[in-house]
Amino acid sequence: QVHLVESGGGLVQPGGSLRLSCAASGSIFRINPMGWYRQAPGKQRELVAGFTRGGRPNYADSVKGRFTISSDGAKNTVYLQMNSLKPEDTAVYYCNARSTDSLIDYWGQGTQVTVSS
């Protein structure tokens, strides 16, 4: 089994910054690199940032230049640095990983990010 735990969310003013963390535990050798998704009230979950098969980062157009995804293999953790936050970034943020046989998607519990004055 694989467990993903997000942390780092909170309330921040527009223009502020937050860093989200996603720590993986369990059968960590059986998963592919993690990515970040978000879901706002009444909207579908959308991809924010992730890694290609070559390990290169990719981003949604709405966050390019503001968000940065990174990883620390020694800590089995993926990070999402969020700068210049906007109210439209308000959502629950989830990390995701897929089993190496592509049969199972793993999700964290989510962490709330609220950008408001």
Side-chain angles (χ1 to χ4, degrees):
Q1 186 62 268
V2 173
H3 299 279
L4 306 177
V5 179
E6 303 99 333
S7 62
L11 175 64
V12 65
Q13 295 183 355
S17 298
L18 287 173
R19 188 178 72 163
L20 306 184
S21 299
C22 177
S25 62
S27 302
I28 56 178
F29 295 121
R30 301 182 182 275
I31 60 175
N32 290 322
M34 294 176 286
W36 288 96
Y37 292 73
R38 68 185 181 189
Q39 186 168 23
K43 298 183 178 180
Q44 294 186 338
R45 191 171 299 182
E46 64 175 347
L47 176 67
V48 176
F51 296 103
T52 68
R53 288 192 175 276
R56 303 292 189 271
N58 64 285
Y59 303 94
D61 289 341
S62 60
V63 307
K64 286 182 179 178
R66 300 188 298 119
F67 290 11
T68 303
I69 187 171
S70 61
S71 64
D72 185 333
K75 297 181 179 180
N76 298 310
T77 300
V78 174
Y79 304 95
L80 184 66
Q81 178 66 46
M82 305 185 295
N83 299 324
S84 302
L85 283 162
K86 305 175 180 180
E88 64 195 62
D89 295 318
T90 295
V92 178
Y93 285 71
Y94 300 89
C95 62
N96 166 264
R98 178 165 289 179
S99 61
T100 54
D101 58 11
S102 298
L103 295 179
I104 303 174
D105 276 338
Y106 298 97
W107 297 91
Q109 83 287 354
T111 185
Q112 176 71 48
V113 172
T114 302
V115 185
S116 176
S117 299

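Just the heavy atoms: all of them, side chains too, but no hydrogens, waters or symmetry mates, feed the values below.
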Notebook entry, point to check: Which residue pairs satisfy the side chain to side chain donor-acceptor pair (under 3.5 Å) criterion with at least one member in residues 65-78, sequence neighbours excluded?
Noted result: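 Sorted pair list: Arg66-Asp89.
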
| request: Give me the ring orientation class for Tyr94 and Trp107: parallel if the planes are under 30° apart, tilted from 30 to 60°, perpendicular past 60°. | output: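 The arrangement is perpendicular - the two ring planes meet at more than 60°.
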
Heavy-atom closest contact ([X] atom, [Y] atom, distance):
| X | Y | result |
| --- | --- | --- |
| Ser84 | Ser17 | N-OG, 4.3 Å |
| Ser99 | Asn32 | O-ND2, 3.8 Å |
| Ala40 | Ala91 | N-CB, 3.9 Å |
| Ala24 | Leu4 | CB-CD2, 3.7 Å |

Rounded to the nearest 0.5 Å, how far apart are [atom1] of [X] and [atom2] of [Y]?
| X | Y | atom1 | atom2 | result |
| --- | --- | --- | --- | --- |
| Asp105 | Ile31 | CG | CD1 | 11.0 Å |
| Gln109 | Cys95 | CD | SG | 7.5 Å |
| Glu46 | Gln39 | CD | CD | 9.5 Å |
| Tyr59 | Leu80 | OH | CG | 8.0 Å |
| Gln81 | Ile69 | CD | CD1 | 12.5 Å |

* Do Val92 and Trp36 share a hydrophobic cluster (ILVMFWY, side-chain heavy atoms under 4.5 Å, transitive)? ->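 Unlinked, Val92 and Trp36 end up in two clusters.
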
hydrophobic_cluster_shared for Val12 and Leu20, side chain cutoff 4.5 Å
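Linked, Leu20 and Val12 end up in one cluster.
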
Q) Quick one: does Thr111's side chain have a donor or acceptor within less than 3.5 Å of a partner on Glu6's backbone? A)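 No, because the side chain of Thr111 does not come within donor-acceptor range (under 3.5 Å) of the backbone of Glu6.
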
task = Check ring-ring contact (aromatic ring centres under 6.0 Å, His included) between Tyr106 and all other residues, then give those that pass, not counting sequence neighbours.
result =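 With sequence neighbours excluded, Tyr106 shows a ring-ring contact (aromatic ring centres under 6.0 Å, His included) to no residue whatsoever.
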
**Prompt:** Can you list the steps and then say if Tyr37 with Val48 is a side-chain contact (heavy atoms from CB on, under 4.5 Å)?
**Reply:** CA-CA 5 Å; Tyr37 292 73; Val48 176; 5.5 Å; no

Can you check whether [X] reaches [Y] side chain to side chain, under 4.5 Å on heavy atoms?
| X | Y | result |
| --- | --- | --- |
| Ile104 | Val2 | no |
| Asn96 | Leu47 | no |
| His3 | Ser25 | yes |

Exercise. Might you work through the side-chain contact (heavy atoms from CB on, under 4.5 Å) test for Thr90 and Gln112, ending with a clear yes or no?
Key: CA-CA 8 Å; Thr90 295; Gln112 176 71 48; 4.0 Å; yes

Counting only heavy atoms from other residues, nucleotides and ligands, does the tally under 6.0 Å from CZ of Arg45 exceed 12?
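Counting other residues, nucleotides and ligands, CZ of Arg45 exceeds 12 neighbours.
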
